[in-house]
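Order of the sequence lines sets the chain letters (A, B, ...), proteins ahead of strands, with each chain counted from 1.
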Amino acid sequence: MSGKTYSWPPRDPHPGHETYLFDRIALEGSHTLQVAREHGAWATLAMALKEMKPEEVTAVVKDSGLRGRGGAGFPCGLKWTFMPRFDDPRPRFLAVNADESEPGTCKDRILIREDPHLLLEGTLLACYAMQCRAAYVFIRGEYVNEALVLQEAIGEAYAAGLIGRDILGSGFSCDVHLTRGAGAYICGEETALMEAQEGKRGHPRPKPPFPAQNGLWGRPTTVNNVETLCNVPAIVGRGAAWYRGLGTQASAGNVLVGISGHVERPGVYEVPLGMTLRELVMGEAYGGGIPGGRALQAIVPGGSSAGFLPPEALDVPLTHDDLKAQGSMLGTASIIVLDETADLVRATRVVTEFYADESCGQCSQCREGTAWLAEILRRIEGGEAEPDDIPTMLELCEQMKGKTICVLSDACAWPIELAIKHFRPAFEPGRAATAAAGEAR
Amino acid sequence: MSDNGKDVRSPLPDERVRWWEERCTHFPERRAVLLPLLHDIQDHAGCLDRDGMTWAARFVGISPVEVYGVATFYWMYDLEPRPRFKLSVCHNISCDLRGKDAILDVIEEELGIRPGHHPHTEGEFCVRTVECMGACSTAPMMEVNGRYFEALTPDKARAVLRDLKDGREPASTTPWDTELRPALPAALPTHPGERLAWRWDHAAEEGR
């Protein structure tokens, strides 16, 4: 594997705030062990194995306020404490969720491709804290190149004694194994991910039992997202107080924000949590505003499941609580911008068809509801809205929330509810048919 | 074609079968290797046919129908042969906003086929639209045999398609190199060997 890959857009070396996730990605050969180590990789693991007890690592991560970056925003350190006590004799595992598939989201892919050793160091620190026997990384099947890069990085780390038996002479042993999936959004859901890792269909499991008691192969398991684990080396190395100094009180640290859609400079940017959507969409250092001076119509703040917000939402800070107050969520912090030329009904139909396509089919509310909603939206887009379409959709959404094994069903309902709340006239009868409504499926 | 009771010839070279045997010891259950194993069979045999699935079922110790259930759940497995070039165009929201329709137009002009959600074949090409591939900030995108072409414009897409038609390796459409190295299916990662911390003995209850 060779050939320097580059960040997109080329990274600003002086962003005006502290960074720790993207520090190495612009370096020539950043994916190699040699370059990564020359620039600080693996030093924190060496320190922790020598100077810290496992419980102390967990305590630092808990005190830092790190919340999961995979979408749900659950406190990471707290999750680690759910694992059984160390006198439980069962082997325990870390499952690394590299199944990034939320529409609008392409951050983990850059971390894996450009700095796999950051992910591996965070993975090993987590395994040490929880005394895991092995980490099983599940990467989405489409990320062929990223899987090749990560597999090579794992091989290099084994050869250097950073993974495997008796790591750095500390007596701690832990393996890392990579599995490539085969294409299914649902496998990003933590229990579906475990099913896929076990070689099965990605059908979410009912909870309880929770993974910490009964996870991979029935053993205690913690599932963490790639970006979450990439936060861990900096937290353990520089301390919880330093980390809490970044971001806001309830949403600490930096986050990778993906910006896509109608902006001048789509890209993935490392910023402290709490920046406003306006700074990120309009700021010269980030999205750079909307092309052609056109007006903003709608903004999706956290991946397609976060739904559509009106232009007034631009002044909302990017934090878990502020976006929740808007009826939306931080999700994967992936911003999708729709300008005045976008067709909001079409955008809603596109994401709804996505959920209909990706529903695993176990729960009838989801299997039938997603497909029914998509059918109504296709009809509205074709200019044949009926007066009771909106009430029907809202009723369907109500029936789809909180009633299924996993939240895919809810994630289909939320964007539709938000779109009707903020853009209701677009879904009412009287709309002209659009050419693309008949797109072949 | 073969039935459950008959012997099925391995779709993989012996060296690779040995590699997968070793891989199985990394997991508490052999079945854990199933998804990547099916990829490997597909890359070697061109598709995942009944023989391939039956062999995989024997290898991991489950019934062929269970493998079929898995193979049909994930979109990346082809149960029938596909042409030389498999094209996937993302039709999700970010790519839709950034002009995926113009890319589909170019494909129609160059290959004479309008891709839909089910794979369509024309000559050496098989084209379909797919859900989010994780290239949203470099939308629109097209994937060809595992390789991403991102930040596409109609002209860039046309150049890629013409290179493929003329038997040339297309250049990357982004500032970074997207060529797969090593090319599949030759990618056999090295074993962690003696550095491996744990091996699972599937005959025993726990690993040793």
Side-chain angles (χ1 to χ4, degrees), chain A residues 1-3 5-6 8 91 100-101 103-106 109 133-134 140-145 148 151 155 158 161 164-165 173-175 177 179-185 196-202 217 258-262 266-268 304 334 336 338 342 347 350-351 354 357-358 436 440-441, chain B residues 26-29 31-36 38-39 60 69-70 73-77 91-94 96-98 101 114-118 130-139 143 146-148 151 174-182 184 187 189-190 192-198 206-207:
Chain A
M1 197 111 21
S2 69
T5 53
Y6 297 89
W8 179 268
E100 169 174 81
S101 339
T105 312
C106 48
R109 178 166 167 240
R133 175 183 285 202
R140 68 178 297 188
E142 292 87 343
Y143 285 180
V144 177
N145 229 350
L148 292 171
Q151 189 63 59
Y158 262 112
R165 179 176 299 163
S173 297
C174 181
D175 289 310
H177 300 300
T179 295
R180 205 180 122 222
Y185 168 70
Q197 173 66 67
E198 293 180 9
K200 301 168 185 165
R201 283 184 280 192
W217 302 286
I259 308 182
S260 66
H262 293 147
V268 180
S304 66
S334 302
I336 306 167
L338 291 79
V350 165
V351 298
F354 163 73
D357 197 44
E358 299 292 348
R441 290 292 293 178
Chain B
H26 302 180
F27 303 91
E29 292 172 5
R31 185 175 180 163
V33 304
L34 185 59
L35 267 52
L38 295 181
H39 277 306
V60 304
V70 169
F73 184 83
Y74 300 96
W75 77 267
M76 296 181 76
Y77 299 127
H91 66 182
N92 213 301
I93 180 163
S94 301
D96 191 48
L97 292 170
R98 298 288 294 197
D101 279 344
R114 185 78 186 176
H117 198 46
H118 298 287
V130 292
E131 299 299 353
C132 185
M133 300 282 279
C136 317
S137 295
T138 44
E143 179 245 27
R147 185 179 168 194
Y148 279 30
T174 38
W176 61 83
D177 188 0
T178 56
E179 207 170 318
L180 300 178
R181 291 200 186 83
L184 297 174
T190 48
E194 59 192 31
R195 301 258 0 136
L196 194 73
W198 312 94
E206 296 292 8

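Here A:Ala182 is the residue among A:Gly199, A:Gly183, A:Ser101, A:Ala182 with the most heavy-atom pairs under 4.5 Å with chain B. Ranking A:Cys106, A:Ser304, A:Gly258 against chain B, the residue ahead of the rest is A:Cys106, based on heavy-atom pairs under 4.5 Å.
Using a 4.5 Å cut-off between heavy atoms, A:Arg201 touches chain B through backbone and side chain atoms alike. In this structure, the portions of B:Ala135 lying under 4.5 Å from any heavy atom of chain A include both its backbone and its side chain. Neither the backbone nor the side chain of A:Glu100 comes within less than 4.5 Å of any heavy atom in chain B. For chain B, the nearby part of A:Ile259 is the backbone; its heavy atoms alone come within less than 4.5 Å.
Between A:Thr179 and B:Phe27, some side-chain heavy-atom pair lies under the 4.5 Å cut-off. You'll find the side chain of B:Glu143 stays beyond 4.5 Å of the side chain of A:Glu142, heavy atoms only.
Rounded to the nearest 0.5 angstrom, B:Arg195 CZ and A:Tyr158 OH are separated by 9.5 Å.
Below 30°, between 30° and 60°, or above 60°: for B:Tyr148 and A:Tyr143 the angle between ring planes is above 60°, a perpendicular geometry.
No donor-acceptor distance shorter than 3.5 angstrom exists from the side chain of B:Arg98 to the backbone of A:His262, with no hydrogens or angles considered. Checking side-chain atoms of A:Ser260 against main-chain N and O of B:Ser137 turns up no donor-acceptor pair under 3.5 Å. Side chain of A:Asp175 to main chain of B:Leu196: no donor-acceptor pair is present (N/O by atom type, distance under 3.5 Å, no hydrogens or angles). Of the possible donor and acceptor atoms, none in the side chain of B:Trp198 sits under 3.5 Å from a partner among the backbone N and O of A:Ala134.
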